[in-house]
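Shown next, in structure tokens, is the structure this report addresses.
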Amino acid sequence: MGPPHARTSGTGCLPTLRGVSKLESSPPPQMNPPVRREPRPPSVSGLLVAAVKENWRRLRTMRTALWLLGVLALESIVATVVPQEINVPQTVADWRSGEAGPGEAVATVLDAIGAFDVYASPLFLMTLLLLFTSLTACLLPRIKAWWRITRHSVPPLTRHIGDQEHVEQITTDLAPDAAHATARGFLADRGWRTRDGDLGDRGTQVAGEKGVVLREGGSLLFHLSFYVLLVAIVFGQLLTFEGFVGVTEGESFTDTEIGYWIADPGRWFGPEDHSGFQLTNDEFRVEWFRDPQFGGTPRTFEADVTIETAEGDVREATVKGNSPVVVDGFKIHLLGWGYAPRVVVREGRDVVFDGFLATTVNDNGAFRGAVKAPAAEPDVGLDVFLIPYAPEGDDGQPVITGAPWADAPLLVFRSYTGDLQLSAAQNVNTLNTELLTEGPRGGLRLGQVVELPDSDVTVEFAELRRWTNFQVSSRPQVPWLLLGSALLLLGLLPALYAYRRRLWVGVERSADGRTLVTVAGRAFQRPQAFEEEFAELADDLRAALDAPDLTPAARDEVAPR
Amino acid sequence: MTSAELSRFLFSPMTLVLYLASAILYLRAMAAPKLDAVDGKHDGSGAASLRWATGLAILGVVAHLAHVVVRIEASGRLPLGNMFEFSSIIALTTVLGGLLVIQWKMRRPELMGFVMLGAELTLVLSLLLYSDPAPLQPILDTWWRAIHVTTIVISFGIFSLGAIFNALHLLRDTAESRVAAQAGSSFGPNTVGAAQAPPTDEDADADQTLDSVPSRVEADVVDIDEADQDAAYRAALREVLTQRVAGVRAPWTILGGVALVTLVFSLIWWDPMVSVQMVGTMAALTLVAWWAVPYLPSATTLDSLTYRTIAFSFPLWTFAVITGAMWAEQSWGRFWGWDPKETSSFVTWVAYAGYLHARATRGVKGRRASWLGLVAYGVLLFTYYAVNLLIVGLHSYGGIDQTVG
């Protein structure tokens, strides 16, 4: 029987399987005369079923799939052009406030449609859902059809062997039966599905087909791999953990729920899933190319760390840009670094602040941080800039450069007094100057102490270390994603390069008593590739039919027969 | 001469001049009369031009390779670290792909002129981003880069070939269908008109998918006794493209459009001189393509070539995106973060997947699929140029703002 989807295939998503075994399998038109029936009045449930069926059919069409792909692409382009909250939260904040971007009004609209977080927006999730529904609707009948073909399909015979795209004739001295058997064996050995037929006075025929299972199978595998990827991504989102923490040289942190600066656990990742290892940042090394031409390009970038697991095993390791360290299934990446100047602030003889600032580099090559000393009366705040390389010029004044190496570090600051407003959340490296009044500025070299004029507050630049930004992550989904990607590629190659082709070998007795073998072929895809294959097949078949077992002398004996 | 100067000299003028000269000769060979074209070979002056063009193209490749080798010597690394180097290797891939596959394997030297022009354009654009050989940031210094970036760049080069064929297909197809609509029966199906004959009875022959070439008659191969009719057909092909649109002949419309676009470009973007040059080049290319329409292979052939090129490159791109994700997992600690570059490479993938699906579907006809292919290439260009130069992300390795410390 013909495949049931053949009727809808004109608009459907079945590019390759149409009309399989059409030639011989569809019954002659008169065999099943149509039965006339009175049209039944449509019932409500019938209409509903019809509507669902119609929409399901429409969802299955390639046109719908293409539109959905287009919408997906469009949304992604929006995500490329509009800053995304997950990547650059500061830029998004600037867009919202109107400081950057197209202005506040546009930003409000963008916010309303979820353009600042496209990949979590309902619109995107809806597109994805529809796309997968459409894919499922499209794949189910294709899998069924493919399964049937894999098991039952045999190629049709042809009555028009001479009209095919490629035709070649071979004359042989083998008997027709032997030639037929040879041709059949020849095709079967090469992996063709075959069928024999007797065309009566037009001799016998072997039909062969190849490539249909592989090509369509590849395409199905390619599309099915998306489900693997989807499942891996969804479960990954739930099971994943990602945390960031900055560690100054000589200090350490412990992997616990509260051990991180920023922690982003998935919904199914609980506090008990932390492994509790302790990481000590022994030394962070960074070196640059120092010649004027490429100055500032870093050459090495690595941190020596000591890791003690919860069980008490201690090991040393080096974390580099491209080589993370794995502890108990947690991957530790080196993401960034900064200078960590130790600043001591005293009010009279009381120490009101003593700590390492985790400064971050700005566009000018200066490292910015902040001192917040609420213990002072009133609060003292320092806006701190560390200039790593500020050698003294001819006039004795420091020359500010943008070079990152700390050969002549200079710490400059603006002092503030007033209310730091520490009860509200704020960036650790910036001051909220709303309720602060700006005081004197100062600059000091390593080891120096300065006293702020008109007060008993002193500032000391006591020490200079570096801090390292580590990312700790656990992603159980990665092997599954790799599997999905591998299946995707594995399916894609045959889906594009395998091709379906048919070959017919007709055998009949020619007028002069010899055997005439006609080879004909046709490709459904990649005609150029088939052209070469056909020529080769015809040559090989000719060689096979030439009865290679026979010596030339023996063949001469056979010939006169 | 320092190695930096030598590398620059080998690139510009050497490679640029050789490629351009070769492109011009290829175009001349394409336009030469093809009386003896039954076996696909050209005679007389065309053959001589073709030999010279091929020679110059090979010399250009040698100069280009020498430039690459000098750069490797000078920087001690694979020359795939900034945008200039990417563009250079993309163009090299395009030229090599053209020479090896299009000219020698498929015997379509008439397309090589445009292949060389495409490469030349890529290289001239890369000159705007020129940077001397420099060492690499440590984060890029890994064998992941070799795999990921090399695949991306090769795939880009092949997509560029596909885009050239795609654009030529649309042009030729427009001309062919207009001639067919106008002339009706005056160009019989026994000659070049075969290309416009609808593919043999599509509905009856439903198994035939679109990527097979329906007709066995090569429309651009012509017998001697049909030469006159052929000449008339060629003239008509060009003529229909210069039809008056709203009373203005096409070349003037093109020039007017170019002037307008140039104005807009220089108002909103970039250095006006650069826009003028860019738009001028595009206009020149358009005119060359218009002039070349009669000599191009048939629309059917071009369509099939486009499909095959893109179908070849798509798995490469897929592989490159996957390795990119693997590298990101290794280097940045996440496999996919919707960084602008990641996003747009995904969009490119989706767009080309759309093209391939459209080609595999009967419901979407050839021309629409072709437009989709061009859109996909536009997205690819956006991914490369706009995302690298205008949008800040983790992939900001363009190498343009290398400030001196």
Side-chain angles (χ1 to χ4, degrees), chain A residues 9-11 13 15-16 18-19 61-63 65-66 69-70 72-73 76-77 79-81 84 86-87 119 165 242 288-289 292-301 320-324 331 333 335 365 401-404 471 473 475 478 481-482 485 488-489 492-493 496 523-527, chain B residues 106 132 134-139 141-142 144 206-209 211-213 216 304 308 311-312 314-315 318-319 322 325-327 329-335 337-340 343-344 346-347 350-351 353-354 356-358 360-364 372 379 382 387 391-394 402-405:
Chain A
S9 61
T11 51
C13 58
T16 53
R18 236 165 282 129
T61 61
M62 183 71 90
R63 186 178 292 271
L66 283 175
L69 276 180
L72 188 73
S76 300
I77 286 182
T80 317
V81 180
Q84 294 297 293
I86 46 168
N87 294 325
Y119 300 105
E165 266 178 55
E242 188 176 75
W288 301 266
F289 293 98
Q293 195 187 354
F294 313 120
T297 307
R299 198 162 54 190
T300 55
F301 191 64
K320 296 180 196 169
N322 278 312
S323 56
K331 262 189 188 171
H333 282 87
L335 283 197
T401 73
Q471 176 195 285
S473 59
R475 294 186 214 283
V478 165
L481 287 169
L482 270 179
S485 312
L488 188 148
L489 268 179
L492 183 57
L493 294 177
L496 287 173
F524 294 79
Q525 299 95 14
R526 300 191 62 200
Chain B
M106 296 190 178
D132 279 327
L136 208 60
Q137 300 176 30
I139 189 101
D141 190 14
T142 148
W144 282 110
D207 285 321
Q208 188 98 0
T209 52
D211 56 300
S212 56
V213 179
R216 299 291 307 144
S304 148
R308 293 167 69 189
F312 182 81
F314 184 70
T318 312
F319 178 75
I322 292 173
M326 289 163 81
W327 183 14
E329 169 67 18
Q330 194 71 8
S331 169
W332 296 327
R334 87 284 185 292
F335 50 86
W338 298 110
D339 167 72
T343 306
S344 53
F346 169 71
V347 180
V350 169
L356 292 177
H357 279 90
T361 315
R362 199 150 291 278
V364 186
L372 207 55
V379 174
F382 174 82
V387 175
I391 298 172
V392 177
L394 284 170
Q402 230 171 35
T403 44
V404 175

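Atoms considered below: every heavy atom in the structure, side chains included; atoms not considered: hydrogens, waters and symmetry mates. From a predicted model like this one, the values you see are computed outputs, not experimental measurements. Labels below follow one simple rule: chain letters A, B, ... track the order of the sequence lines, proteins then strands, and each chain is numbered from 1.
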>> Can you tell me if A:Lys320 has over 12 outside heavy atoms packed within less than 6.0 Å of its NZ?
In response: no

Side chain, backbone, both or neither of [X] within contact of chain B (heavy atoms, under 4.5 Å):
X: A:Leu69; value: both
X: A:Leu489; value: side chain
X: A:Ser485; value: both

Would you mind checking which part of [X] comes under 4.5 Å of any heavy atom in chain A, side chain (CB onward), backbone (N, CA, C, O), both or neither?
X: B:Ala311; answer: both
X: B:Phe319; answer: both
X: B:Met326; answer: side chain

Out of curiosity, [X] [atom1] to [Y] [atom2], how far, rounded to the nearest 0.5 Å?
X: A:Leu496; Y: B:Phe314; atom1: CG; atom2: CZ; result: 7.5 Å
X: B:Gln330; Y: A:His333; atom1: CD; atom2: NE2; result: 6.0 Å
X: A:Leu481; Y: B:Ile322; atom1: CG; atom2: CD1; result: 10.5 Å

> Hey, mind stepping through A:Arg475 and B:Arg334 against side-chain contact (heavy atoms from CB on, under 4.5 Å) and telling me if it holds?
Replying inline: CA-CA 9 Å; A:Arg475 294 186 214 283; B:Arg334 87 284 185 292; 3.5 Å; yes

